[in-house]
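Since this is a predicted model, take the numbers as computed values, not measurements. Just so it is clear, the values below take in all heavy atoms, side chains as well, and ignore hydrogens, waters and symmetry mates.
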Amino acid sequence: MLTLYFGIAIFILILLVLIATWIGGLYFFKTAIRRTPKSFLVDNPNLMPEPDNELISSASDLTWLDQQHGVKVRIQSHDGLQLHGMWLPSATGSHQTVILAHGYSGRGREMAGFARFYAEQRGYNILMPDDRAHGESEGNMIGFGWLDRLDYIQWIDWVITKIGSEAEIILHGISMGGATVLMTGERSSQHK
């Protein structure tokens, strides 16, 4: 009889652990992967940059970006989402382009500091896409680079169509965008 009670207790314990894991998984899915406001990032004072140490783009970089003659562009992803980006053509007619990949819960325009560097110091064309489920792009699930890698292959194709086969393209990403760039590079090497 004691063995039966022990077996039932173990069964109930395992069931409770499975239910808690399921509930925790749903919570973290909604918090991290679903397209929802990320107040835990915005309101966290430990994640705020020092006033004299802007992490990505300073106010002057964003002002610079707003003064450029950027063109809003879009493509349709392989799974039917409308993806949006900003194209800043080179003032010199260069065939060199940088595609900037932003980080988690960001958007393309937050890469203004890098865009300014590549435009002013290198004379590159700039493409700043909003990843799926970010900014103006459609989508409900953040892919952490895995889903985005296929989108960036399409953005690369868009640049080649825009500039021609002589296009030289650099991918530059930070944080989640860095992961996207690495996975895009792996995918494009398999794509050849």
Side-chain donor/acceptor of [X] to backbone N/O of [Y], under 3.5 Å:
X	Y	value
Q96	G123	no
E138	Q82	yes
S137	A133	no

Test: ring pair (Phe, Tyr, Trp, His ring centres under 6.0 Å). Region: residues 126-147. Which pairs qualify, not counting sequence neighbours?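 Ring pair (Phe, Tyr, Trp, His ring centres under 6.0 Å) check on residues 126-147 returns H102-H134, Y104-F144.
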Is it true that the side chains of [X] and [Y] contain a donor and an acceptor less than 3.5 Å apart?
X	Y	value
Y152	D131	yes
T92	S90	yes
D66	T63	no

I'd like to check the salt bridge (charged side-chain N to carboxylate O under 4.0 Å, His left out) partners of E168; sequence neighbours left out, ordered by chain and number.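 Result, salt bridge (charged side-chain N to carboxylate O under 4.0 Å, His left out) vs E168: none returned.
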Nearest atoms (heavy-atom pairs only) where Q76 meets Q154: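 Shortest heavy-atom contact: O-NE2, 2.7 Å.
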Looking at N125 and S94, what are the two nearest heavy atoms and their distance?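 That would be ND2-O, 2.8 Å.
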Applying the 4.5 Å side-chain criterion to the ILVMFWY set and letting contacts propagate, would F28 and L147 be lumped into a single cluster?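 Different clusters.
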Treating Ile, Leu, Val, Met, Phe, Trp and Tyr as nodes and any side-chain heavy-atom pair under 4.5 angstrom as an edge, say whether L26 and L18 lie in one connected cluster.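 No, because L26 and L18 fall into different hydrophobic clusters, even though each may have its own neighbours under 4.5 Å.
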Are P129 and L83 packed together at the side-chain level, in the sense that at least one heavy-atom pair is separated by less than 4.5 angstrom?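 Not in contact.
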Does the pair [X]/[Y] count as a salt bridge with the N-to-O cut at 4.0 Å?
X	Y	value
D130	R109	no
D61	R116	yes
R107	E136	no

